[in-house]
Protein chains: 2
Amino acid sequence: MFSQATMSQPRDAVRHFPAIPAQAPSLRSLFGGQPVETFESGSAVFWEGDDARHVFEVVEGVLRVFRIMSDGRRVITGFIYPGDLLGVSLKDHYLYTAEAVTRTKIRRYERGRFQDEINRSPELRPQLFARLCDEMAAAQDQMILLARKSAEERVASFLLVIARRLGAVQAQAVIEIPMTRLDMADYLGLTIETVSRTMTRLTTCGVIAPSSRHAIVIRKLGKLVMLAGEADDDDNRATGMGSVQQAVWPN
Amino acid sequence: MFSQATMSQPRDAVRHFPAIPAQAPSLRSLFGGQPVETFESGSAVFWEGDDARHVFEVVEGVLRVFRIMSDGRRVITGFIYPGDLLGVSLKDHYLYTAEAVTRTKIRRYERGRFQDEINRSPELRPQLFARLCDEMAAAQDQMILLARKSAEERVASFLLVIARRLGAVQAQAVIEIPMTRLDMADYLGLTIETVSRTMTRLTTCGVIAPSSRHAIVIRKLGKLVMLAGEADDDDNRATGMGSVQQAVWPN
DNA sequence: GGTCTTCGTTACAAACCGTCACAATATCGC
DNA sequence: GCGATATTGTGACGGTTTGTAACGAAGACC
């Protein structure tokens, strides 16, 4: 819960307050003093059902957050990128598993202390709320994707979100896709074959071009935005970032 | 955002602190002083894109919260029941439309004042966090439903969630379904015909029995839980309620 | 360098759900 | 009460996605 800022715009709260000196409290500085831990690709930071003892900040690498249905079906609810928080939950057990997609470096903070800090600090609270807000917005976007978008729209949307996440929304930029096709499928509610076929079709149409196994180039950004559906909305967000209020929950 | 406690368990935060006297601050008492407004069935409380000026508490009735894709496809992201909050967002514009399914009574609170109250009150903050947490959990359940569940599993899950929402999870209870088949379809990522056919099939199997157009009786609860998939999880939650920490974000 | 394993691609048949059509029923207004 | 309208139910058909399988490519390991 409140784990991933599930691939919204890069919205590091700090950048909204450029005038504030560096020593102002921020979520980033909160974790700054903690030691960095490394997780190898494929290893879990925690499992669904574990006691929720810590909150994490991702320093480097990418994680997948997922749940497994009783019959084995896996649903990835989000991917976590550097700067995102993980495990910010009010539940006493994690509701999902978090697993490293690539080699990942994180800092952890004991949950009780984290809550104390948030409670004490009028600067940190709005930052945390903004994170949760972005995460909720991302969850809604995902619901729209899963409820009504076609396979092609889903893949196109995914590539766009990834590109924005990397700050590389202009055409011809190389987009790293660290996750496997199976990860993408379980995130997009498709099968691995459908993902593969759709990527191939996008390549055939000249919209994207494979760069390596885990990277592509966006050749026709406009067309990709069109194929993603939700054209207006995505188009706006392609340029700038979201519209998080800055003076909200002030102080 | 943070609008709906999208049909989780009935989790009025007050009930977790039975020892605390009635005058303790609570989200409910916060809205208590506000006048009640009535919205007729089909009318909108606010529209996607409106300036987000108010936060609402639903007193009576049911609302649907939805977004419309550029080509007209509608996705309902949640239904709002009495006791739920609506419009608790950090964005300066509402990201979705909220519309009355039935005649609905609400209280509204000016956004800035609401934020001030939350910020000032160490009692209210954990309550609001708990709501957001439940909403996020509901969003994840919905992602699982949309990503991997079959039509039958979706309808069965929906009926169960509705039943829990009404506190009527035992068999033979009459479950009111105020929304139309189209609402259900747009919430479950299906078409109206599929919803209709699936309801008919559940009736034929003796799992449910129609009571009226907008109400059913659950005849075989166990079988309905099985058909909903996610058997373990749902089974647990069928009995009790969630596991929101009580002493979290204390004070 | 060679072998093994994992991952990705492609083809074909099958299933599920959506689309279209129309009938039946409920709801609302007069 | 009665008709008009909206909502719901049911069928036949078709399309998109899935499932199964085989093949090819990339990386791991010795």
Side-chain angles (χ1 to χ4, degrees), chain A residues 40-42 64 71-75 99 101-103 145-159 176-205 208-216 227 229, chain B residues 40-43 64 69 71-76 99 101-103 145-156 158-159 176-205 208-216 227 229:
Chain A
E40 292 304 319
S41 166
R64 59 181 158 250
D71 60 351
R73 285 173 284 186
R74 185 180 73 159
V75 179
E99 207 172 76
V101 172
T102 64
R103 169 178 297 203
L145 181 145
L146 294 170
R148 289 288 179 230
K149 288 192 178 179
S150 69
E152 192 170 72
E153 288 173 322
R154 293 183 200 199
V155 172
S157 299
F158 175 76
L159 295 177
E176 296 286 335
I177 304 178
M179 53 291 288
T180 67
R181 295 288 187 267
L182 183 58
D183 288 334
M184 289 175 59
D186 287 346
Y187 181 61
L188 299 176
L190 301 169
T191 60
I192 183 173
E193 294 90 343
T194 301
V195 171
S196 187
R197 275 185 284 257
T198 305
M199 295 282 287
T200 303
R201 199 182 324 144
L202 290 177
T203 302
T204 308
C205 297
I208 63 174
S211 174
S212 79
R213 204 77 179 269
H214 286 287
I216 61 156
L227 291 175
Chain B
E40 292 303 319
S41 166
S43 63
R64 58 182 159 251
M69 294 175 64
D71 59 352
R73 286 174 283 186
R74 184 181 73 158
V75 179
I76 294 181
E99 207 172 77
V101 172
T102 64
R103 169 179 298 204
L145 181 147
L146 294 170
R148 288 291 179 225
K149 288 191 179 180
S150 69
E152 192 169 74
E153 290 173 321
R154 293 183 200 200
V155 172
F158 175 76
L159 295 177
E176 297 285 336
I177 305 178
M179 54 290 288
T180 68
R181 295 286 187 269
L182 184 58
D183 288 333
M184 289 174 58
D186 286 347
Y187 180 61
L188 298 176
L190 301 170
T191 60
I192 184 173
E193 294 92 339
T194 300
V195 171
S196 187
R197 271 187 281 259
T198 305
M199 295 282 285
T200 302
R201 198 181 325 142
L202 291 177
T203 301
T204 306
C205 298
I208 62 174
S211 173
S212 76
R213 204 74 178 267
H214 285 288
I216 62 156
L227 291 176

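Residue numbers begin at 1 in each chain, while the letters A, B, ... track the order of the sequences.
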| field | All side-chain contact (heavy atoms from CB on, under 4.5 Å) counterparts of B:Thr102, not counting sequence neighbours | value |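 In terms of side-chain contact (heavy atoms from CB on, under 4.5 Å), with neighbours along the sequence ignored, B:Thr102 is linked to B:Val62, B:Thr104, B:Pro178.
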| message | Test of understanding: with side-chain contact (heavy atoms from CB on, under 4.5 Å), list the residues that count as partners of B:Thr203, not counting sequence neighbours. | response |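 If we apply the side-chain contact (heavy atoms from CB on, under 4.5 Å) test to B:Thr203, skipping adjacent residues, the hits are B:Ile208, B:Pro210.
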| message | Just the rounded figure in Å: distance from P of C:dC16 to CD of B:Glu153. | response |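 Interatomic distance, CD of B:Glu153 to P of C:dC16: 12 Å.
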| query | Rounded to whole angstroms, how far apart are CG on A:Leu202 and P on C:dG8? | reply |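 Distance check: A:Leu202 CG to C:dG8 P gives 16 Å.
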| Would a distance-only check, ignoring hydrogens and angles, find a side-chain to backbone donor-acceptor pair under 3.5 Å from A:Ser41 to A:Val101? |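 Side chain of A:Ser41 to backbone of A:Val101, a donor-acceptor pair under 3.5 Å: yes, one is there.
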| Short side-chain N/O contact to C:dT10 OP1/OP2 from A:Ser196, under 4.0 Å |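 So the side-chain polar atoms of A:Ser196 never come under 4.0 Å of the phosphate oxygens OP1 or OP2 of C:dT10.
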Holding to side chain to side chain donor-acceptor pair (under 3.5 Å), I want the full list of residues that pass it with [X], two or more places apart in sequence or in another chain.
{"X": "A:Ser196", "value": "none"}
{"X": "A:Glu99", "value": "A:Arg64"}
{"X": "A:Thr194", "value": "A:Thr191"}
{"X": "A:Arg154", "value": "none"}

Restricting to nitrogen or oxygen on both sides, can you table the protein-nucleotides 17-27 of chain C pairs closer than 3.5 Å?
{"unit_1": "C:dC17", "atom_1": "OP1", "unit_2": "B:Ala151", "atom_2": "N", "d": "2.8"}
{"unit_1": "C:dG18", "atom_1": "OP2", "unit_2": "B:Thr191", "atom_2": "N", "d": "3.4"}
{"unit_1": "C:dG18", "atom_1": "OP2", "unit_2": "B:Thr191", "atom_2": "OG1", "d": "3.2"}
{"unit_1": "C:dG18", "atom_1": "OP2", "unit_2": "B:Thr194", "atom_2": "OG1", "d": "2.5"}
{"unit_1": "C:dT19", "atom_1": "O4", "unit_2": "B:Arg197", "atom_2": "NH2", "d": "3.2"}
{"unit_1": "C:dC20", "atom_1": "N4", "unit_2": "B:Glu193", "atom_2": "OE2", "d": "3.2"}
{"unit_1": "C:dA26", "atom_1": "O4'", "unit_2": "B:Arg213", "atom_2": "NH1", "d": "2.9"}

| request: State which residues pass salt bridge (Lys or Arg N to Asp or Glu O under 4.0 Å) with B:Arg103; sequence neighbours excluded, sorted by chain then number. | output: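 For B:Arg103 the salt bridge (Lys or Arg N to Asp or Glu O under 4.0 Å) partners, ignoring immediate neighbours, are B:Glu40.
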| said: Applying salt bridge (Lys or Arg N to Asp or Glu O under 4.0 Å), can you list everything that pairs with A:Arg148, at least two apart in sequence or on another chain? | reply: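 Counting only residues at least two positions away or on another chain, A:Arg148 forms a salt bridge (Lys or Arg N to Asp or Glu O under 4.0 Å) with B:Asp186.
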| Within residues 193-203 of chain A or reaching into it, pairs that qualify as salt bridge (charged side-chain N to carboxylate O under 4.0 Å, His left out) - sequence neighbours excluded |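 Non-adjacent pairs meeting salt bridge (charged side-chain N to carboxylate O under 4.0 Å, His left out): A:Glu152-A:Arg201.
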| query | Where does the chain A footprint on DNA chain D start and end, counting 5' to 3' with a 4.0 Å heavy-atom cut-off? | reply |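 Extent of the interface on DNA chain D: D:dT17 to D:dA26.
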| End-to-end axis angle, where each axis spans five pairs of the helix from C:dG1-D:dC30 to C:dC30-D:dG1, to 10° |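 That helix has its two terminal axes inclined by roughly 50°.
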